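Comments concern the structure below.
Hydrogens, waters and symmetry mates play no part in the numbers below; they use all other heavy atoms, side chains included. Worth saying up front: this structure is predicted, and the values here are computed from it rather than measured. This chain uses plain numbering: 1 for the first residue, then up along the sequence.
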Amino acid sequence: MKSINAFRIAVVVGVAVYAITSSGCAIVPNTVRVEFDHSSHMTQHAPFSNAGTNYGSNVANVLAHWDTPGKTFIEIGEGVSLDRRWKDTNSCGDVIGPREQFSLRIGKTFQLK
């Protein structure tokens with residue numbers, strides 16, 4: 001099972017590298033930024049719920065951003081979970097496993113005005 005996940009990750013990274021290099025972009029990103037990210041379900045927080053659950057994750061990231069042709073972009077991030085570690089489940093917030101977090105975003109920008 002681990003080799004299948006490693007293969008999927010390798011394919012995703014390979015596609016990202018191919019998209020960056022084939023679009024005429026340099027490997028050097030257009031921008032680099034530091035970001036603090038909270039991800040959760042809006043409906044688990046007041047005023048939408050009184051459940052009091054804490055299933056979200058808080059991550060500090062460094063993100064590299066590439067603008068590609070056609071108003072598309074690629075972002076690759078590396079971060080660390082800021083949530084406390086739960087020993088019984090080996091998790092940090094909603095993240096199971098180590099604190100290290102990787103993110104890859106591929107998207108399109110739409111100009112509104």
Report the C-alpha distance between Thr68 and Ile74 in whole Å, list the side-chain angles of each, state the deciding distance to 0.1 Å, and finish with yes or no for side-chain contact (heavy atoms from CB on, under 4.5 Å).
CA-CA 7 Å; Thr68 57; Ile74 298 171; 4.2 Å; yes

Looking at every non-hydrogen atom in both residues, tell me the closest pair between Lys108 and Phe73 and how far apart they are.
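Smallest interatomic distance, heavy atoms only, reads N-CE2, 3.8 Å.
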
Report yes if some heavy atom in the side chain of [X] is under 4.5 Å from a heavy atom in the side chain of [Y]; otherwise report no.
X	Y	value
Gln111	Lys71	yes
Trp66	Thr31	no
Glu35	Glu75	no

State which residue, out of Val34, Asp37, Val80, fulfils the side chain to side chain contact (heavy atoms under 4.5 Å, CB included) condition with Asn61.
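So the option named by the test is Asp37.
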
Side chains of Asn58 and His38: donor-acceptor distance under 3.5 Å anywhere?
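Side chains of Asn58 and His38: pair found under 3.5 Å.
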
Hydrophobic clustering (ILVMFWY, side-chain heavy atoms < 4.5 Å, transitive) - are Leu63 and Val59 grouped together?
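Result: no, two separate clusters.
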
From CG (Leu104) to CZ (Phe102), nearest 0.5 Å:
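Leu104 atom CG to Phe102 atom CZ measures 5.0 Å (nearest 0.5 Å).
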
